[in-house]
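Shown next, in structure tokens, is the structure this report addresses.
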Number of protein chains: 2
Amino acid sequence: MVELEIAIDRSSPIPLYHQVASAFDKAIRDGVLPPETKLENEISLAKRYNLSRPTMRQAMDQLVRDGLVVRRRGVGTQVIGPPVRRNLRLSSLYNDLQDEGADPETQVLTLETITAEESISEQLGLPKGAEVYHLKRLRLVDNRPLALMENWLPLTVATLTREGLESDGLYNILRRAGVDFRMAQQKVGADIANHEQASRLKVDVGSALVVMERTGLDSSGTPVEFGHHVYRADRYSFDIMLMN
Amino acid sequence: MVELEIAIDRSSPIPLYHQVASAFDKAIRDGVLPPETKLENEISLAKRYNLSRPTMRQAMDQLVRDGLVVRRRGVGTQVIGPPVRRNLRLSSLYNDLQDEGADPETQVLTLETITAEESISEQLGLPKGAEVYHLKRLRLVDNRPLALMENWLPLTVATLTREGLESDGLYNILRRAGVDFRMAQQKVGADIANHEQASRLKVDVGSALVVMERTGLDSSGTPVEFGHHVYRADRYSFDIMLMN
DNA sequence: TTCAATCAAATGTCATGACAAACTGTCATA
DNA sequence: TATGACAGTTTGTCATGACATTTGATTGAA
């Protein structure tokens, strides 16, 4: 049974439940609250931090959803082991977007506007024959090729330039254009390298590739991007944490 | 603005917020509430069903988490388009476990107890040199091979027999033994088929395979299963819906 | 006409109070 | 000794009430 000292700022615009949840989140990830630790019950926790019970519960619910603690009625709340730790869910799946165009270098091979094939315009929810951006990029890490990325975007979401893509990265350009990008439908499969892929990725023809197709959606469910990426299988895999 | 008629049973053991959420969930998936539909505001919804506002909110929160609706402060609640629809999150990732051993047939190739290699015992959180079940199965769909599945389980979680596995499937055996199986850490990559895999899966040596490694955990985060599965890339891929 | 201020509507946050249900351990009884 | 009843603890569910914040539309003035 461990008590945690945290500072709560009632004048902050950050919701109280979020302040509490973040503090516990950090404490757990930092090892201040090691796995198996039993937390105080929510009533006394609420009292300790001068919060109402619903607010305390809201914080705890978030920790449960993030896979940091388990709660059992009549028993209490326990810190869960490290294998779970959600959070990573995005890192591996989004990192082609999130990383800037800098250290993990991204070369823009192609940037053009084309009339979309039917399969593409369908994925993007556009009328048949609509114009879209088409870009092809090569991702390098430590100067070694990792992925060949092909993306299609509606012309309306943002203005893309080769310079912008190389300096800021696709994700930042979209964000500045007011795109949330909060959901994505992904499909992960496999294939073997053809000639172009092999030469770009510096592997033999016939090598294993991880294939990922993604439709990126904003918070209202409108498609903003469709991507077809192939990764060197010897250097990349997708990590996923499932819950519930 | 659409009003939905639903029946709420206050004497049911099912929580009210869950009854409401399920009803909306069904209505949306059945098309009774098509995408873009604007829902009534939560105050009048609560009044309509004789619920308190927090209860109504709890129901709505669940719909948001499941990717069925979007809420915007000052605006309202809208039904989201079908590309999102969470739920599938498990189907494609768990189906090797969930399906029974019947129609999508599963052949048990190997069932034995062995001393675990270090990498396996580590994944399962067992001491070095611990005994574990080791099973190798072939999954067929429409009488055509789909996947070669290799799994390791602690001896303590359940008692496995070849007959049980073939008639009931691994998932049901575990469930009957009182295992929740609520979380999983998965890694999805690619490889090319070696001789054994090729002959089992009836593909050429060097064909593309989807490789999946999974550690299955119960609700308290204790590992209950580790699996290494390879799928024919021409017949299988993983669908994932990401949110937030 | 255009822009800014204001107002209404909707969700977000927070508090207090109450009862229900599940689990654990203890104690009494057979 | 073993089993069942009971009480205590803790989370789960639900209600009522209040104020804050964001958004969109309306209104008014320049």
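Just so we're on the same page: letters track the sequence lines, and every chain starts at 1. Only heavy atoms go into these numbers, but all of them, side chains included; no hydrogens, no water, no symmetry mates.
Separating the CD atom of B:Q62 from the C1' atom of D:dT13 is a distance of 14 Å, rounded to the nearest angstrom. We find that CD of B:E42 is positioned 17 Å from P of D:dT22, with the value rounded to whole Å. To the nearest angstrom, C1' of C:dG12 lies 15 Å from CD1 of A:I14. Nucleotide C:dT16 holds its P atom 13 Å from the CZ atom of A:R53, rounded to whole Å. For A:E40 and D:dT9, the CD to C1' distance is 14 Å, given to the nearest whole Å. In this structure, the CG atom of B:N50 is 9 Å from the P atom of D:dA15, given to the nearest Å. Separating the NE2 atom of B:H18 from the P atom of D:dT13 is a distance of 10 Å, rounded to the nearest angstrom. One interatomic measurement links the two molecules: CE of A:M56 to P of D:dG12, which rounds to 13 Å at whole-angstrom precision.
Distance from the side chain of B:Q58 is smallest for D:dT13 among the nucleotides D:dT11, C:dC14, D:dT13. Checked against C:dA10, D:dT13, C:dA15, the side chain of A:S52 finds its nearest nucleotide in C:dA15. When distances run from any side-chain atom of B:P54 to the nucleotides D:dT13, C:dT13, D:dT16, the shortest one goes to D:dT16. Considering only the side chain of B:R57, C:dT11 comes nearest among D:dT13, C:dA15, C:dT11. Of the candidate nucleotides C:dA21, C:dC14, C:dT11, C:dC14 has the atom nearest to the side chain of A:Y17. Comparing C:dT16, D:dC14, D:dG12 against the side chain of A:R71 picks out D:dG12 as the nearest. Picking from C:dT13, C:dC23, D:dG12 the nucleotide with the shortest atom distance to the side chain of A:V75 gives C:dC23.
One distance of note links CG of A:L111 with CG of A:L135; it measures 6.0 Å at 0.5 Å rounding.
Under the 3.5 Å distance criterion, the side-chain polar atoms of A:E131 are left unmatched by any main-chain donor or acceptor of A:L155. A distance-only check finds no donor-acceptor pair linking the side chain of A:Y49 to the backbone of A:I8 [under 3.5 Å].
Nucleotides of DNA chain C nearest to A:R10 and A:G74 differ in position, and the one nearer the 5' end is that of A:R10.
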Show your working on side chain to side chain contact (heavy atoms under 4.5 Å, CB included) between B:V188 and A:M212 and close with a plain yes or no.
CA-CA 11 Å; B:V188 180; A:M212 187 270 281; over 6 Å; no
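At the phosphate of C:dA10, neither OP1 nor OP2 sits under 4.0 Å from any side-chain N or O atom of B:T77. Phosphate contact (OP1/OP2 of D:dA15, side-chain N/O of B:T55, threshold under 4.0 Å): present.
A salt bridge links A:D25 with A:R29: at least one charged nitrogen is closer than 4.0 Å to a carboxylate oxygen.
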